[in-house]
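Start at 1 and go down the list; that is how both ligands and their atoms are numbered. Worth knowing before you read on, the calculation uses all heavy atoms, side chains too, and leaves out hydrogens, waters and symmetry mates.
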Amino acid sequence: MRELCELLQCQANNLMSRTNQLVLVRHGESEFNLKNLFCGWHDAPLSAGGLEEARILAAANLNEANMVFDKVYCSKLCRSRTTVEAILSEMQCSFLPIVSDWRLNERHYGNLTGVNKRVLANQYGEEQVQFWRRNYDGLPPPINESNIYYYQIANNPAFLDVPPNEFPLTESMRMCVDRVAPIWLEIKKEVLMGARILLVVHGTVARALIKHIEGFSEEQIEKVNIPNSVPIVYEFNMKSGQLVGDVKYLGDSQYIEKMKKKVAAIGD
Ligand SMILES: O=C(OP(=O)(O)O)[C@H](O)COP(=O)(O)O
């Protein structure tokens with residue numbers, strides 16, 4: 001009898017593992033992306049082109065890859081939520097549950113919020129601006145009341161459930177990676193239980209999640225740049241939690257490389 005139990009246990013342990021996919025997308029182009037302004041926790045809407053992009057790039061590529069979802073996560077910022085609604089409408093699955101969580105908000109850009117990146121580079125030099133943008137510990141000066149977006153951010157009703165002691169005044173990439181760690185663990189647990197999840201977030205938060213997902217070093221993640229509306233597909237072994245195969249960026253590879261370079265640059 002004991003031998004039979006051991007044999008059954010052994011067979012159970014050796015069952016073939018299944019896999020499940022997770023899709024990560026940065027929202028469509030926002031009004032602030034279009035004007036080359038630091039945005040962070042300011043609630044800028046999508047540009048007209050950004051809304052179109054969500055449909056004709058993100059949703060079209062997800063449809064072409066026959067992706068199906070059970071649940072969507074996004075931030076509390078409207079550029080993320082509007083992108084979700086456009087994608088789901090285009091995929092004819094607007095009935096899906098959407099979880100908006102403040103921990104998926106973009107990195108808070110402190111007192112750089114609303115500032116044009118080129119104007120800042122002319123004032124402080126490109127090296128300093130790239131340090132604030134991409135260095136793992138680059139910390140913009142904290143936002144203060146002189147910033148025209150200070151009270152809009154402080155009073156945004158979408159942020160009412162942010163614990164006051166966790167409401168940031170500025171954030172580095174490192175702080176952002178730490179902020180998303182708990183929600184990433186919750187999402188990963190759901191993925192490993194079989195939920196097909198779409199995550200629609202922001203440039204730096206996507207990079208923070210990618211650091212957790214792909215196990216990148218601090219130096220590696222500083223060089224990653226995420227274009228708007230390009231779905232990134234990960235496949236996980238549901239038993240081991242390990243990634244299976246290569247990460248796939250859906251869409252035209254030449255366009256994706258061009259947009260990665262555009263995002264990396266300070267711009268005009
Ligand atoms: O708010 C921002 O990101 P988002 O447009 O992805 O929400 C940042 O301003 C993006 O700027 P960056 O690429 O200089 O980090």
Side-chain angles (χ1 to χ4, degrees), residues 24-47 49-51 53-54 57-58 73-84 87 100-121 124-141 143 147-149 152-153 156 158-159 168 170-177 179-180 199-211 221-232 258-268:
L24 180 64
V25 190
R26 179 182 175 195
H27 60 77
E29 179 195 66
S30 71
E31 292 278 3
F32 269 38
N33 295 148
L34 181 63
K35 294 177 185 158
N36 202 21
L37 309 175
F38 287 103
C39 197
W41 279 43
H42 172 63
D43 210 357
L46 292 186
S47 68
L51 188 60
E53 213 176 47
L57 280 184
Y73 278 90
C74 64
S75 75
K76 293 282 185 182
L77 292 158
C78 69
R79 55 194 188 272
S80 152
R81 179 78 184 207
T82 313
T83 301
V84 169
I87 292 174
S100 303
D101 195 300
W102 72 270
R103 294 169 295 176
L104 295 173
N105 279 6
E106 178 56 320
R107 163 201 186 179
H108 195 305
Y109 252 115
N111 227 23
L112 304 186
T113 306
V115 177
N116 180 285
K117 295 173 195 174
R118 176 51 54 194
V119 170
L120 198 70
Y124 292 94
E126 296 212 355
E127 204 178 318
Q128 177 62 54
V129 173
Q130 289 301 61
F131 177 82
W132 279 322
R133 294 182 70 218
R134 293 295 178 263
N135 185 282
Y136 200 70
D137 287 306
L139 188 65
I143 196 165
N147 187 296
I148 56 167
Y149 299 104
Q152 278 186 36
I153 295 172
N156 189 335
F159 304 156
T170 183
E171 286 180 302
S172 63
M173 177 74 187
R174 182 185 299 279
M175 291 159 81
C176 214
V177 168
R179 160 151 68 83
V180 304
L199 253 168
V200 179
V201 291
H202 304 266
T204 306
V205 161
R207 293 167 58 237
L209 290 165
I210 287 170
K211 185 173 188 304
I221 203 64
E222 287 176 358
K223 294 179 183 67
V224 175
N225 287 284
I226 308 297
N228 300 95
S229 294
V230 174
I232 306 170
K258 189 176 95 181
M259 296 316 282
K260 281 182 182 174
K261 287 196 180 103
K262 188 176 174 202
V263 173
I266 290 179
D268 303 321

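- Of the possible donor and acceptor atoms, none in the side chain of N225 sits under 3.5 Å from a partner among the backbone N and O of K261.
- When side chains are defined from C-beta on, I221 counts as touching V224, because their heavy atoms get closer than 4.5 Å.
- Between Y149 and Y109, the distance separating the two ring centers is not shorter than 6.0 angstrom.
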What are the atom names and distances for all N or O pairs under 3.5 Å between ligand 1 and the protein?
residue: ligand 1; atom: 1 (O); partner: G40; partner atom: N; Å: 3.0
residue: ligand 1; atom: 1 (O); partner: R79; partner atom: NH2; Å: 3.3
residue: ligand 1; atom: 3 (O); partner: E106; partner atom: OE2; Å: 2.7
residue: ligand 1; atom: 5 (O); partner: R26; partner atom: NH2; Å: 2.9
residue: ligand 1; atom: 5 (O); partner: H27; partner atom: NE2; Å: 3.2
residue: ligand 1; atom: 5 (O); partner: N33; partner atom: OD1; Å: 3.4
residue: ligand 1; atom: 5 (O); partner: N33; partner atom: ND2; Å: 2.8
residue: ligand 1; atom: 6 (O); partner: R26; partner atom: NE; Å: 2.8
residue: ligand 1; atom: 6 (O); partner: R26; partner atom: NH2; Å: 3.2
residue: ligand 1; atom: 6 (O); partner: H27; partner atom: NE2; Å: 3.1
residue: ligand 1; atom: 6 (O); partner: G203; partner atom: N; Å: 2.6
residue: ligand 1; atom: 7 (O); partner: H27; partner atom: NE2; Å: 2.9
residue: ligand 1; atom: 7 (O); partner: R79; partner atom: NE; Å: 2.9
residue: ligand 1; atom: 7 (O); partner: R79; partner atom: NH2; Å: 2.8
residue: ligand 1; atom: 7 (O); partner: H202; partner atom: ND1; Å: 2.9
residue: ligand 1; atom: 9 (O); partner: C39; partner atom: N; Å: 3.0
residue: ligand 1; atom: 11 (O); partner: K117; partner atom: NZ; Å: 3.0
residue: ligand 1; atom: 13 (O); partner: R133; partner atom: NH2; Å: 3.1
residue: ligand 1; atom: 13 (O); partner: R134; partner atom: NH2; Å: 2.9
residue: ligand 1; atom: 14 (O); partner: K117; partner atom: NZ; Å: 3.0
residue: ligand 1; atom: 14 (O); partner: R133; partner atom: NE; Å: 2.6
residue: ligand 1; atom: 14 (O); partner: R133; partner atom: NH2; Å: 3.1
residue: ligand 1; atom: 15 (O); partner: Y109; partner atom: OH; Å: 2.7
residue: ligand 1; atom: 15 (O); partner: R134; partner atom: NH1; Å: 3.1

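- By the ring-ring contact (aromatic ring centres under 6.0 Å, His included) test, W102 pairs with no residue at all, sequence neighbours left out.
- Listed for the D137 side chain is no donor-acceptor partner under 3.5 Å among the backbone atoms of S172.
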field: W132/Y124 under ring pair (Phe, Tyr, Trp, His ring centres under 6.0 Å): CA gap, chis, key distance, verdict
entry: CA-CA 11 Å; W132 279 322; Y124 292 94; 5.4 Å; yes

